[in-house]
Amino acid sequence: MGSGYGFGKTILFNEHFVVYGIPAIASAINYKTIARVERSEKDAFEDHRKGTAGYSQAKMTQQMEAISIIKRDLSINDGLHIVLEGDLPAFSGIGASAANSVAIARAIADEYKLNLSDEEINSIAYKAEKAFAGTPSGIDNTAATYGGLIWFKRSADPYSDEPPLVERIRTKPFDMLLANSGVVADTKKVIEGVRERREKDRETYDKIFAQAESIAHEARKALEANDLEKAGRLMNEDHRLLQQIGVSSDVLDGMVELALKAGALGAKLTGGGVGGCMIALTPGNQQKVEEAFKNAGFETLKITVGGE
Ligand code: MEV
């Protein structure tokens, strides 16, 4: 039996904009998906991850496509019994699909003693992400493979497979809180929606994208200076831009308000949006903000970002 892991992730700045070459900031989170793989007569798949009800079923067709992409890329023709587990919940918005593609690619490599480098695993997982996201930027699989807090910028052409620029961002560690809206979102459709709206109104979208670009640069500076108050204000601004491109929802907007009222320095949707998760910056008050979310009936994940 082979096994492998992939990290979950959260995007602190610029999901969606990143697909068009605007820089984004993301961090792996301290929760992982583990995949176990055994050769078997027929392909079989078991999902033991905890998560949003209906997540696994809603993603099943895309999941099977991702597994075939990985098998094809690694020239595996045997049947495989694949089991997913680990402490990363299957919520939308925290990179659950990329984490599982990385974990499965690593588990297959382990089973067949392929001795693949992280770069090779990342490149396979990027191809598999296309099943879930159509034109992924590559940020999720990169965070899932390598971990850490990263600056990520890819080609402005969403169809280009040119390697992105990835740089590590160094900060003191700080606490954040993720909360799940409980809504499973189809990232591929949300990305297509942004593309359609942008094509219809390039002028407005170009202005919003330019603001997102300057937020990324300011946010990087603020994080590197450990200026969390500023980073929080920039997260709030980034959420407003995400609202303007149509990827928030009433539930996500309400969650952002709840986080700010409970004392978070900043909050925004994270990941594909429409459903999925909210991320709040909570240095020194993670517990208090978490309680507000638990009292309102949301599932939460406490995370620490930055540091070594
Ligand atoms: C999804 O976690 C982030 C998106 O920007 C898609 C991507 O970058 O691949 C929406």
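For clarity, every value in this text was computed on a predicted model and none was experimentally measured. Just so you know, ligand 1 is whichever comes first in the structure, and atom 1 is the first atom listed for that ligand. When a residue number appears, it is its place in the shown sequence, counting from 1.
Atoms of ligand 1 lying under 4.0 Å from any heavy atom of E15, numbered from 1 in the order shown and given with element: 5 (O). Set against the non-hydrogen atoms of K9, the atoms of ligand 1 under 4.0 Å away are 2 (O). For ligand 1, the atoms closer than 4.0 angstrom to any heavy atom of I139 are 8 (O). Near V18, with a cut-off below 4.0 Å to any heavy atom, the atoms of ligand 1 are 5 (O), 8 (O). When each atom of ligand 1 is checked for a heavy atom of G271 under 4.0 Å away, the hits are 2 (O).
Put simply, the side chain of M60 does not reach to within 4.5 Å of the side chain of D47, judged on heavy atoms. With contacts defined as side-chain heavy-atom distances shorter than 4.5 Å, the pair K127/D73 qualifies. The shortest side-chain heavy-atom distance between D175 and K302 does not fall under the 4.5 Å cut-off.
Proximity annotation for atom 10 (C) of ligand 1: of K130, H16, K188, E129, H16 comes nearest, heavy atoms only. Nearest to atom 2 (O) of ligand 1 by heavy atom, out of I94, D140, T10, is D140.
At a 4.0 Å heavy-atom cut-off, ligand 1 touches I191 through the side chain alone. Counting heavy atoms under 4.0 Å from ligand 1, residue I11 touches it through the side chain alone. Here P136 has heavy atoms under 4.0 Å from ligand 1 in both its backbone and its side chain.
If you take OG on S249 and CG on L242, they are separated by 11.5 Å, rounding to the nearest 0.5 Å. Taking OG1 of T282 as the reference point, atom CD1 of I303 lies at 8.5 Å (rounded to 0.5 Å).
Heavy atoms only, all atoms of each residue included: Q286 and M176 are closest at NE2-O, 2.9 Å.
For atom 8 (O) of ligand 1, the closest non-hydrogen atom on the protein side is S137 OG, 2.5 Å.
R106 places a side-chain N or O within donor-acceptor distance of the main-chain N or O of Y5, the cut-off being under 3.5 Å. No donor-acceptor pair under 3.5 Å is formed between the side chain of T52 and the backbone N or O of Y55.
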